[in-house]
Engineer: 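The following block contains the structure, expressed as structure tokens.
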Amino acid sequence: MKTSFIPIDYDYFDWKGKNYAKLVGRNEKGEKICLIDSCPAYLWAILKENLKQPKINQIIGKIKTITISSKQRKTKIEKIEIKDKNFLGKKVKALKIYATNYKDLHEIASNLKFPEIENRRGYDLGFITHYIIEKQLLPLQWYEVSGELLNNSHEFGGIDMALNVSQCIKAKEINPIKEKQFSPNILAYDIETDEFKIGEGEILMISLVGKNFKKVLTWKKTKNHADYIEEVKDEAELLEKFCEYVKKTNPDFLVGYFSDGFDLPYLKARAEFHKTKLSLGIDQSQPKFSRGINLTGKINGIVHIDLLKFVKTAYSQYMQSETLSLNEVAKEFLGDTKKQFKFQHSSKIKDWNKYFEYNLHDSVLTYQLFEKFWPDFIGFSNVIQEPIFDISRNGMSKNVESYILHNLEKFNEIPERRPNHDEISKRRNREKYEGAFVFEPTPGLYENIAMWDFTSYWPSIIVTFNLSKSTLLEKKEKNSNKAVVLGKEIYFSKNKGFFPKMLEEIIEKRKKYKKELQKNPNAIKKARSNAYKLLANSSYGYMGFFGARYYCPEASGAATAISRDFIKQIISKINKNGYKTIYSDTDSIAFLMQNKSKKQISDFLEKINKTLPGIMELELEGFFKRGLWVTTRAGTTGAKKKYALLGENNKLKIRGFETVRRDWCKLARETQNKVIQLVLRQGNETKALEYVKDIAKKIKQRKISKEELIIKTQLKKPLAEYKAEGPHVIAAKKMKELKIPITQGNLIEYYIAETPGKKSKLIRDKVKLPEEKGEYDIDYYLNRQILPAIENIFQVFKINAKELIEGKKQTTLGDF
DNA sequence: ATATACACGGATCCCCTATTTCC
DNA sequence: GGAAATAGGGGATCCGTGTA
């Protein structure tokens with residue numbers, strides 16, 4: 001039989017000692033389909049150079065006899081081929097060793113310790129990645145599949161009978177076909193409980209939201225409740241009903257927010273408590289969790305998505321929100337927030353309808369966020385060629401690596417292996433290579449500033465200078481690129497390596513999609529362009545990352561060394577041509593226009609660009625009316641990574657200042673922001689002075705509301721691990737005492753209060769939680785929040801802000 | 001545990017010395 | 001008068017959060 005098919009979920013199983021991929025997806029009618037497919041398993045044995053054929057034959061003979069026996073299966077070598085391949089920049093002869101089971105390749109590799117074999121590779125990709133590479137059956141692309149319909153078949157132990165799908169097919173032929181319309185069936189869910197700790201309290205309710213579907217399941221009996229409420233007998237029935245609805249909806253994606261770490265494990269724990277099964281899988285199986293600190297919940301045949309994880313890797317660096325809570329993320333992406341609800345133990349709740357509404361709305365937001373992110377899921381999945389389950393959870397290093405693995409075949413390249421435990425710990429302890437160059441600014445208020453920056457600086461350097469593990473030379477060669485890293489001279493071949501080539505491709509594709517996007521905006525194209533951008537930006541970090549297969553700190557170090565050379569060259573050219581450099585960080589340079597025209601500056605830029613090698617390119621970031629740089633807190637040098645610019649459109653660009661730091665109270669941030677604005681817009685400090693005086697007065701008169709004084713700091717590790725007990729640690733301990741759930745990653749809020757009687761000088765002894773009664777500490781907020789935030793700014797105008805705040809007479813400016 | 005290095009700056013930690021307190 | 005406790009100065013370290 002034949003059918004159209006779009007693969008969504010990837011899994012695999014063993015049958016009679018062999019591996020089979022089990023794919024779940026849809027046909028064009030929207031029916032759920034399971035496809036079973038086989039795939040050859042093999043690894044590579046890279047031979048030493050110049051081996052004679054008889055010798056090779058002898059080794060092949062020996063390898064053929066290898067068998068791996070375990071309780072479940074007996075794995076044999078099926079066949080061996082000799083191939084010409086590439087491995088890390090070298091042409092090699094390699095044996096392609098086929099075995100009957102992928103999972104035993106590792107074991108076979110360790111049985112291949114012949115002196116004639118240089119390296120053993122390709123056994124550690126994971127079956128699904130291996131399968132996708134081998135069969136080119138890419139997630140979320142359409143195919144036509146022909147094969148055998150399994151109907152009450154005994155093949156594969158009767159798998160087709162156990163699955164909640166329309167058809168189960170054993171694949172024979174698979175061919176890509178034209179793209180068709182596909183809108184996934186999504187079900188979002190959220191639970192409410194009394195206890196935060198997994199499984200410790202009862203689940204009160206579960207909300208489910210799908211297309212034209214809204215439900216809140218609860219055992220709490222209420223009168224006059226909304227239509228979407230469905231009452232059940234007790235918690236056990238609640239779990240049962242939940243499974244029933246999931247089964248009925250049979251979604252492609254079951255979506256939660258922080259559901260890997262909370263909702264799904266909680267449901268499972270409560271099912272265990274009631275000695276029932278949480279049968280969510282299409283084969284009635286329970287969700288399975290990965291071991292380790294970060295839980296990952298997998299459901300058979302339904303892709304379980306924890307949106308929080310995807311937001312973290314794909315969006316967080318470009319977001320405005322200060323936390324990744326559902327509330328803030330929804331606000332930023334949807335312009336909607338969670339419903340207001342004050343949490344209480346269920347025994348104390350009066351308005352249950354409010355609680356139901358709150359619970360339902362969380363699922364609504366989760367549902368809408370998934371829809372919003374759907375183009376990005378497709379974009380990422382298309383570009384990286386891994387299933388949504390994986391790309392939604394993996395960090396950027398894993399995504400870069402997946403991209404590489406899926407594109408090696410074009411280069412006839414054998415994959416490098418993962419580092420082992422010892423290598424990882426050695427890599428983690430390596431000496432840090434020197435990073436980018438940062439120019440020390442002279443504090444001051446400047447006018448008419450131009451700013452240039454390099455486009456995709458790191459990728460362009462890596463591509464232009466051919467930096468990578470496979471192009472790193474052991475010793476100096478003719479016609480090579482040199483760099484000095486940690487005092488040592490290192491060299492890279494000028495023969496293009498696969499990694500730089502791949503990166504160049506990524507940059508080109510990004511450009512292409514960006515161009516198409518401008519002509520004809522489309523969410524999928526935008527997402528694809530974005531995925532390429534993220535990949536390009538992470539490639540430099542990837543090479544310096546200890547867990548990377550293609551780890552090469554020499555290449556990362558060379559990239560930074562080259563970056564320093566170029567930026568310094570440009571700075572000196574700028575200065576020699578009658579401009580004056582004010583500031584520079586990594587790939588950007590700000591300089592004074594010195595009465596020259598924009599035209600002159602852009603001509604100059606063009607001239608410089610002609611001298612740049614390879615794909616390196618400098619571009620205009622913008623012109624600015626004014627710019628402000630200040631001293632460091634110590635007051636002796638100009639502060640780096642801290643400046644504010646006023647654009648021609650009157651927009652402010654503020655970097656590094658307390659204004660943009662979430663660990664300063666709102667009052668300090670807003671005061672500083674206002675001061676920066678007034679200074680930049682007016683070109684002088686007079687208005688700003690008055691403003692600060694007024695704020696200081698209000699603080700002293702206790703006219704500031706507590707909300708403005710709350711300080712927020714994230715708890716980055718478990719409480720017990722702190723060596724230094726800072727204020728936020730104390731606040732967290734207080735919360736713990738009050739039985740408020742806190743975990744690593746929480747944003748802790750507190751304020752500094754006056755504590756009469758206590759003589760301690762430590763700030764932590766004055767910490768109070770927002771709910772705690774108390775008077776704020778005037779001295780603290782004046783001298784440790786407001787003053788540090790504005791002192792260096794006034795310093796630029798030679799004004800002593802401390803005297804100003806304390807109300808002493810202003811000497812520099814006279815009376816006003 | 002899961003991209004890199006550079007940078008700022010608050011707060012605590014820790015050692016030292018000077019001063020105060022206690023017997 | 002001498003030992004022990006305390007204060008405080010200052011650098012080292014921890015810690016969180018930015019920029020690129």
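Residue numbering restarts at 1 for every chain, and letters A, B, ... go by the order of the sequence lines.
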Engineer: Could you list the protein-to-nucleotides 5-7 of chain B atom pairs, N/O on both sides, closer than 3.5 Å?
Structural biologist:
residue: B:dA5; atom: OP1; partner: A:Arg430; partner atom: NH1; Å: 3.4
residue: B:dA5; atom: O3'; partner: A:Tyr433; partner atom: O; Å: 3.4
residue: B:dA5; atom: O3'; partner: A:Gly435; partner atom: N; Å: 2.8
residue: B:dC6; atom: OP1; partner: A:Gly435; partner atom: N; Å: 2.9
residue: B:dA7; atom: OP1; partner: A:Lys640; partner atom: NZ; Å: 2.9

Engineer: Do the side-chain N or O atoms of A:Asn537 get closer than 4.0 angstrom to the phosphate oxygens (OP1, OP2) of B:dA3?
Structural biologist: no
Engineer: Given side chains that start at C-beta, do those of A:Lys309 and A:Ser392 come closer than 4.5 Å, heavy atoms only?
Structural biologist: no
Engineer: NA contact type, A:Tyr550, heavy-atom cut-off 4.0 Å: base, sugar-phosphate, or nothing?
Structural biologist: nothing
Engineer: Between atom CG in A:Leu535 and atom C1' in B:dA3, what is the gap in whole Å?
Structural biologist: 12 Å
Engineer: If only side-chain N and O atoms count, and only distance matters, is there a donor-acceptor pair under 3.5 Å linking A:Glu328 with A:Thr323?
Structural biologist: yes
Engineer: Base, sugar-phosphate or nothing for A:Gly547? Non-hydrogen atoms, less than 4.0 Å.
Structural biologist: nothing
Engineer: Has A:Ser397 got a side-chain N or O lying under 4.0 Å from the OP1 or OP2 atom of B:dA3?
Structural biologist: yes
Engineer: I'd like to know if the side chain of A:Tyr750 pairs up with that of A:Arg764 as donor and acceptor (distance under 3.5 Å, no hydrogens or angles considered).
Structural biologist: no
Engineer: Salt bridge or not for A:Arg669 and A:Glu322, using N-O below 4.0 Å?
Structural biologist: yes
Engineer: In whole angstroms, how far is the C1' atom of B:dC8 from the CG atom of A:Asn792?
Structural biologist: 11 Å
Engineer: Does a nitrogen or oxygen in the side chain of A:Arg784 sit under 4.0 Å from OP1 or OP2 of B:dG10?
Structural biologist: no
Engineer: Is the phosphate of B:dA11 approached by A:Arg764 (side-chain N or O, under 4.0 Å from OP1 or OP2)?
Structural biologist: no
Engineer: Please determine if A:Glu554 and A:Lys488 form a salt bridge, counting it only when a charged side-chain N lies under 4.0 Å from a carboxylate O.
Structural biologist: no
Engineer: Can you check whether A:Lys723 has a side-chain N or O nearer than 4.0 Å to OP1 or OP2 of C:dC15?
Structural biologist: no
Engineer: With a cut-off of less than 4.0 Å, is there a side-chain N or O of A:Arg427 near OP1 or OP2 of B:dT2?
Structural biologist: no
Engineer: Is the count of non-hydrogen atoms from other residues, nucleotides or ligands lying under 6.0 Å from A:Glu707 atom CD greater than 12?
Structural biologist: no
Engineer: Less than 6.0 Å separating the ring centroids of A:Phe377 and A:Phe310?
Structural biologist: yes
Engineer: Among B:dC8, B:dT12, C:dA20, which nucleotide sits nearest the side chain of A:Thr586?
Structural biologist: C:dA20
Engineer: Under a 3.5 Å threshold, yes or no: a donor from one side chain and an acceptor from the other, between A:Glu332 and A:Ser321?
Structural biologist: yes
Engineer: Does a side-chain N-to-carboxylate-O contact under 4.0 Å join A:Arg428 and A:Glu423?
Structural biologist: no
Engineer: Categorize A:Tyr457 for me: base, sugar-phosphate, or nothing, with a 4.0 angstrom heavy-atom threshold over every strand shown.
Structural biologist: nothing
Engineer: Scan A:Tyr643 against the nucleic acid and name what it touches under 4.0 Å (heavy atoms): base, sugar-phosphate only, or nothing.
Structural biologist: sugar-phosphate
Engineer: Nearest whole Å is fine: how far is C:dG16 P from A:Glu725 CD?
Structural biologist: 13 Å
Engineer: Given C:dG16, C:dC14, C:dA20, identify the nucleotide with an atom nearest to the side chain of A:Arg655.
Structural biologist: C:dA20
Engineer: Check whether any side-chain nitrogen or oxygen of A:Arg662 sits under 4.0 Å from OP1 or OP2 of C:dT17, and answer yes or no.
Structural biologist: yes
Engineer: Which residue, A:Phe545 or A:Ile752, contacts DNA chain B at a nucleotide closer to its 5' end, judged by nearest heavy atom?
Structural biologist: A:Phe545
Engineer: Let's see if you can work this out: which of C:dC15, C:dT17, B:dC8 has an atom nearest to the side-chain heavy atoms of A:Asp663?
Structural biologist: C:dT17
Engineer: Categorize A:Pro553 for me: base, sugar-phosphate, or nothing, with a 4.0 angstrom heavy-atom threshold over every strand shown.
Structural biologist: nothing
Engineer: Would you call A:Phe289 and A:Asp260 a side-chain contact if the rule is heavy atoms closer than 4.5 Å?
Structural biologist: no
Engineer: Could you tell me the separation between the CZ atom of A:Arg633 and the P atom of B:dA11, rounded to a whole number of Å?
Structural biologist: 10 Å
Engineer: Should we say atom NZ of A:Lys573 is surrounded by more than 12 heavy atoms from elsewhere, each under 6.0 Å from it?
Structural biologist: yes
Engineer: C:dT17, B:dG10, B:dT12: which one has an atom nearest the side-chain heavy atoms of A:Ile763?
Structural biologist: B:dT12
Engineer: Could you check how far CG of A:Leu467 sits from P of B:dT4, rounded to whole Å?
Structural biologist: 18 Å
Engineer: Can you pull out the residues from residues 707-714 of chain A that lie within a 4.0 Å heavy-atom distance of DNA chain C?
Structural biologist: A:Thr713, A:Gln714
Engineer: Less than 4.0 angstrom between a side-chain N/O of A:His728 and OP1 or OP2 of C:dG16, yes or no?
Structural biologist: yes
Engineer: Please state how far atom CD in A:Glu658 lies from atom P in B:dA11, giving the value in whole angstrom units.
Structural biologist: 12 Å
Engineer: Does A:Arg393 count as lying over the ring of A:Phe389, i.e. NZ or CZ under 6.0 Å from the six-ring centre, within 45 degrees of the axis?
Structural biologist: yes
Engineer: How about A:His728 and A:Glu749: does a side-chain donor come under 3.5 Å of a side-chain acceptor?
Structural biologist: no
Engineer: To the nearest Å, how far apart are A:Lys312 NZ and B:dT2 P?
Structural biologist: 8 Å
Engineer: Report yes if the side chains of A:Leu486 and A:Glu434 come closer than 4.5 Å at any heavy-atom pair, otherwise no.
Structural biologist: no
Engineer: Round to the nearest Å and state the distance from A:Lys653 atom NZ to C:dG18 atom C1'.
Structural biologist: 15 Å
Engineer: From the set C:dG16, B:dT4, C:dA20, return the single nucleotide nearest to any side-chain atom of A:Lys716.
Structural biologist: C:dG16
Engineer: Which atoms of nucleotides 14-20 of chain B (N or O only) lie under 3.5 Å from a protein N or O atom, and what are those distances?
Structural biologist:
none

